[in-house]
Structures are given as C-alpha cells and as structure tokens.
Amino acid sequence: MAATDLERFSNAEPEPRSLSLGGHVGFDSLPDQLVSKSVTQGFSFNILCVGETGIGKSTLMNTLFNTTFETEEASHHEECVRLRPQTYDLQESNVHLKLTIVDAVGFGDQINKDESYRPIVDYIDAQFENYLQEELKIRRSLFDYQDTRVHVCLYFITPTGHSLKSLDLVTMKKLDSKVNIIPIIAKADTISKSELHKFKIKIMGELVSNGVQIYQFPTDDEAVAEINAVMNAHLPFAVVGSTEEVKVGNKLVRARQYPWGVVQVENENHCDFVKLREMLIRVNMEDLREQTHSRHYELYRRCKLEEMGFQDGDGDSQPFSLQETYEAKRKEFLSELQRKEEEMRQMFVNKVKETELELKEKERELHEKFEHLKRVHQEEKRKVEEKRRELEEETSAFNRRRAAVEALQSQALHATSQQPLRKDKDKKKASGWSSIYSVTIP
Ligand code: GTP
Ligand code: MG
C-alpha cells in the first residue's frame, strides 16, 4: 500500500450506518456473557482503614461483612505508622470476593505526626507501581493479576463534636488524588443527635475550605443517580459497629447495649451504618473499582510515564512514538552516563594529584627531619669524642701519677727493709738526729 493510501486509511473516520436486523442474531447476550465471565473470574476489593488506634476499625469491618476477621489489637507504642494488609476469600451465592483489608496500624500514636501520612501514601503508590510494572511487561498477565490497588479508603473521624484535627486534614489532602476517600464518623453513639448534625456540617465545611476531594457517589447512571445524590448529602456517615446480638422485641439485632438503652447498628434512626453498607457494598463497589483504575491509577501512570520521558505528541500531526521516545531517552541516558563518567574521571585525576602533592610534602618534611637528626647526631658524636679524649688524657695522667706513687712506695719499702741492719751503725753514727721522709708527688 502506498504511503498516501495509508495516510488516507488512518485519517479516515467512516460514519457508522444504522442497519436493521432481519431476525434474532444473538449478540444481545453480551451482557450475560460478561456477567458469567466476571462471576467465574471472581472479584477483588481492597479497603484501606485509616483512623486512630481503637477507633473501631476492626469492629466496623466485622459488622459490614457480617463475619469475624482475625485482627490483632494494635498497641499505642508503634514508632511509626505501619500498613498491615490481610486478604480473605469470601463467598456469597456463587460470587467470590477476594477482600483485602489494609489497616494503618499506629496511626495518630506518635508524638510527632508530621510524617504519619507518608507510609500510607507510599503503600498506595507501591500498589500502583506493581500494577504498572505488570502492564509494562512484555509477557503480562493482567487477566489473573492479583490486583492490590486500594479501591477505597474509609477515613475514621474521632467523634469529638468539635472539628477535624489537622492530622485528619493533612492526611486526607495527601490521599485524595490517590484513592477514593469516604469519611466516616466513628463511634457515633457517643455523640448526641443535635451535636452530630452540627459536627457533620462543620466537617464538610472544613473539607471544602481545605480543598480536600472526597469520593462522591456517582450520579451519572440513572438507575442509582437518585439514591446516590441523596447519600452524598449525608456524608460523612456516622456509624456504629457491633457484632453483639441483642434481643429487641422478639428479634435478635446487632447492637450496643448500654444501661440507658440499646443502639441498633442497622436502625437508620440510630446511625448511618446501613447507608454506608448500601453505598459501599451494594451500590457503588464496582464504581469504586473503576474510579481507582480510570482516575487514580491513570493519574499515577501518566505522571510516572512523563517522569520516564514519555510524552503524547501534539495532536494528529505528531503522534506519540514509543520507539522515538525510547531512543531519545536512551541517548539522554547515555550522554548523562558519559558526563558522569567524565566527572568521575576528573575527580579521580584531581584526587591523585592531591595525594601526590600530599606525599611530596610528607617526603620533604621527612627529609628535613632526617637532616636535623643527622646534625644532632653529629653534634652528639663530636661531644662524645671530646669527652673520650679528655677521659683518655685524665686516664694517662692518672696512670703516670700511679706509676710515680708506686715507684716512691717501692723506694720507701726498700729503704725500710735496709733499716734494721744499719740500725746499730746509724745509732752509733747519727745518734741524736732523726730522719723525716717527705714525699712529694708530682
Ligand atoms: P486497633 O486495630 O487496635 O487500632 O483498633 P480498632 O480501630 O480496630 O478498634 P476495635 O474495633 O478493636 O474497637 C476498639 C474498641 O472500641 C472496642 O472495645 C470496641 O467494642 C469499641 N467500639 C467499636 N466500635 C464502636 C462503636 O461504634 N461505638 C462504641 N461506643 N464503641 C465501639
Ligand atoms: Mg483493629
């Protein structure tokens, strides 16, 4: 096919013509085929519970799904917020639901809460990233992929009756572009009816003024538009959770019993539990799944791909080319690598030069030290030589004196041995004089 034909072919936008069928063909069974396929495949739904420790998260989950999930109580001593996902296989009629409940353990327990939202944001992003990586694989298997992306975040508000805490506002603001947030007032049985009304208005006002986008039940599908619109006006839902059964009249109902009365979980005059269950599970579960994919995941994917350098072309004239983008990115990466390599080489050369200079300086210092020591040594040697010479002179002088003394002594000894023989002669000869020897030692 010639290039011009190709262009004409790809730019052509044929108007579909309406035709009537002569009889039953059978593609009206497509919705049934879809239902049957989905039922066989099963569904997955992932709920993130964010709220202070002990606010009633686990109780509400048990109440919502009318079962008992095995969850441990969290301690108040967690160093930071930790995400704990747990997956369960549930079945109702012939529909299988893989339900994952993710608890933000330790939320609101730290003294410094500045970073409390971060582990939650990171967890949500990590699930998007896993999905994106699967999508980008050459051999991908999205059909049986275990989707862990968070479909809804139930944000548990403490029933203070005052206003939202800054931790609530900051966390919801950080999450609102990543997940469908449904705010709920927990333990609503602890707040009076009139206070609850004011509290709801205040919360909604604060969310709007801080630009926090919460999930709005969709009103574009006629079948549910009316109920969803009504329910949107009831947000945030004020809920009570309990798995305890209490006899009211002749019926056993789930309730919380107090000395002054019974709060029935499923009584719409007592709380909004039924509204929450209706909206979350019975009417909008599929919309929550779809919004997660088409809005939140799409945003993540777009930002991530743009970060990686992929861009859509400018309209029809410049269509997006994966090949070109890849080549451009590769070139950019290679030149960056070269630049880094050159930088490192230069750094290495500089380092070697510096070390060489340092070594030379050290060598010079050592040489100087050596010369100094040599001089000191020569001086010492000269002094020692002088001392030795003096000592030798003293020794020879001493020897000479000793020889003289010895000579005198031997003379004296000789003289003494001659004395008795001459005694008589001398007595006779020199009577009257005495002899005195005096020895002078030179
Ligand atoms: P951690 O997982 O430890 O953070 O706690 P949690 O948020 O899961 O709270 P949990 O469901 O364990 O409930 C804590 C306490 O609150 C229990 O004693 C519940 O009985 C009580 N509780 C739960 N829901 C409600 C409620 O709606 N109203 C009142 N008054 N108490 C509730
Ligand atoms: Mg719990």
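We count ligands from 1, going down the list as the structure has it; atoms in each ligand are counted the same way.
Not one N or O of Ala188 is nearer than 3.5 Å to an N or O of ligand 1, by distance alone. Remark: ligand 1 and Arg84 share no N or O pair separated by less than 3.5 Å (distance only, no angle test). On a distance-only criterion, Thr53 and ligand 1 share no N/O pair closer than 3.5 Å. Ligand 1 has an N or O atom lying under 3.5 Å from an N or O atom of Arg256, backbone or side chain. Taking distance alone, with nitrogen or oxygen atoms compared against 3.5 Å, Gly56 approaches ligand 1 more closely than that limit.
Proximity to Glu73 (heavy-atom distance under 4.0 Å) selects the following atoms of ligand 1: 3 (O). Set against the non-hydrogen atoms of Ser58, the atoms of ligand 1 under 4.0 Å away are 2 (O), 6 (P), 8 (O), 11 (O).
Note: Tyr131 and Tyr297 have perpendicular aromatic rings, judged against thresholds of 30 and 60 degrees for the angle between ring planes. Between Phe237 and Phe217, the two ring planes are parallel [angle under 30°; tilted spans 30° to 60°].
In this structure, the protein non-hydrogen atom closest to atom 1 (P) of ligand 1 is Gly54 N, 3.6 Å. Thr59 OG1, 3.4 Å is the protein heavy atom nearest to atom 23 (C) of ligand 1. In this structure, the protein non-hydrogen atom closest to atom 27 (O) of ligand 1 is Gly241 N, 2.9 Å. Of the protein's non-hydrogen atoms, the one nearest atom 28 (N) of ligand 1 is Asp189 OD1, 2.9 Å. With hydrogens left out, the protein atom closest to atom 26 (C) of ligand 1 is Lys187 CG, 3.5 Å, a heavy atom. Summary of contacts: the protein heavy atom closest to atom 6 (P) of ligand 1 is Lys57 N, 3.4 Å. Looking only at protein heavy atoms, the nearest one to atom 3 (O) of ligand 1 is Ala74 N, 2.7 Å.
The backbone N or O of Glu52 sits less than 3.5 Å from a side-chain atom of Lys57, completing a donor-acceptor pair. A donor-acceptor pair under 3.5 Å links the side-chain atoms of Asn228 to the main chain of Pro218, judged by distance alone.
Residue contacts with ligand 1 include Tyr258, since one or more of its heavy atoms lies under 4.0 Å from the ligand.
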Exercise. Apply side chain to side chain contact (heavy atoms under 4.5 Å, CB included) to the pair Ile101 and Cys49, showing each step before the final yes or no.
Key: CA-CA 7 Å; Ile101 299 173; Cys49 293; 4.3 Å; yes

Quiz item: Passes side chain to side chain donor-acceptor pair (under 3.5 Å), His293 versus Arg149? Steps please.
Solution: CA-CA 9 Å; His293 184 74; Arg149 293 172 298 174; 2.9 Å; yes

Quiz prompt | Audit row: Ile181, Leu175, side chain to side chain contact (heavy atoms under 4.5 Å, CB included) steps and yes/no | solution = CA-CA 8 Å; Ile181 302 175; Leu175 297 182; 4.0 Å; yes

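A salt bridge does not link Glu385 to Arg389: none of the charged side-chain nitrogens sits closer than 4.0 Å to a carboxylate oxygen.
Screening Lys340, Arg345, Arg339 against Glu342 for a salt bridge (charged side-chain N to carboxylate O under 4.0 Å, His left out) leaves a single residue, Arg345.
When side chains are defined from C-beta on, Ile47 does not count as touching Thr100, because their heavy atoms never get closer than 4.5 Å.
Within a 4.0 Å radius of atom 17 (C) of ligand 1, the protein has no heavy atom.
Residue Met61 does not count as close to the Mg ion (ligand 2), with no N, O or S atom under 2.8 Å.
No donor-acceptor contact under 3.5 angstrom links the side chains of Asp147 and Ser44, judged on distance only.
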